[in-house]
Amino acid sequence: MKARVYVMPKTGVLDPQGKAIGHALEGLGFAGVHDVRAGKVIELDLAEADPAQAKQIAEDMARKLLANTVIESFRVEIV
């Protein structure tokens with residue numbers, strides 16, 4: 001079963017990568033971009049067949065390793 005873990009900086013946490021992307025977009029002539037937040041997507045291929053159990057396993061992985069829960073939030077999607 002495939003799972004996707006979306007990790008993003010929490011609101012209020014400085015995001016230098018997002019800020020750099022925003023400035024680069026402005027420099028390329030893209031007006032009207034007010035805020036850019038950069039995150040990551042992690043795709044997992046799990047052996048678990050039960051969707052609810054697979055989601056729980058992926059959430060445990062995110063809490064323990066994939067996301068720094070002090071400064072990042074995450075969500076898990078089973079696909």
- Message: Contact between K64 and T69 at the side-chain level, heavy atoms closer than 4.5 Å - yes or no?
- Response: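 The answer is no, as the side chains (C-beta and beyond) never meet within the 4.5 Å cut-off.
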
- Query: Could you go step by step and tell me if V41 and V5 meet the side-chain contact (heavy atoms from CB on, under 4.5 Å) rule?
  - Reply: CA-CA 6 Å; V41 177; V5 181; over 6 Å; no

- Message: Quick one, V36 with K19, criterion side-chain contact (heavy atoms from CB on, under 4.5 Å). Give me CA distance, side-chain angles, the key distance, then yes/no.
- Response: CA-CA 6 Å; V36 178; K19 193 66 99 175; over 6 Å; no

- Query: Which residue pairs pass the salt bridge (charged side-chain N to carboxylate O under 4.0 Å, His left out) test when at least one of the two sits in residues 21-41, sequence neighbours left out?
  - Reply: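 Matches after skipping sequence neighbours: none remain.
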
Output a table of donor-acceptor pairs, distance under 3.5 Å, between side-chain atoms of residues 72-79 and any protein atom two or more places apart or on a different chain; print 'none' if there are none.
unit_1 : atom_1 : unit_2 : atom_2 : d
E72    : OE1    : N68    : N      : 2.7
E77    : OE2    : R4     : NH1    : 3.4
E77    : OE2    : Y6     : OH     : 3.3

- Message: Working to the nearest 0.5 angstrom, can you tell me the gap between Q56 CD and D50 CG?
- Response: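 One gets 11.0 Å once the value is rounded to the nearest 0.5 Å.
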
- Please round to the nearest 0.5 Å and tell me the distance separating atom CE of M1 and atom CD of E48.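 Rounded to the nearest 0.5 Å, the CE-CD separation comes to 7.5 Å.
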
- Query: When clusters are formed from ILVMFWY side-chain contacts under 4.5 Å, directly or step by step, what else is grouped with V13?
  - Reply: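 V13 clusters with V70, I71.
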
- Residues two or more places apart in sequence or in another chain: which of them pass side chain to side chain contact (heavy atoms under 4.5 Å, CB included) with A38?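 Applying side chain to side chain contact (heavy atoms under 4.5 Å, CB included) to A38 gives D15, Q17, I21.
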
- State, to 0.1 Å, how close A67 and V7 come at their nearest heavy-atom pair, and which atoms those are.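 Shortest heavy-atom separation between A67 and V7 comes out as CB-CG1, 3.9 Å.
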
- Query: For D60, what residues pass the salt bridge (charged side-chain N to carboxylate O under 4.0 Å, His left out) criterion, not counting sequence neighbours?
  - Reply: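 Only R63 meet the salt bridge (charged side-chain N to carboxylate O under 4.0 Å, His left out) criterion with D60.
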
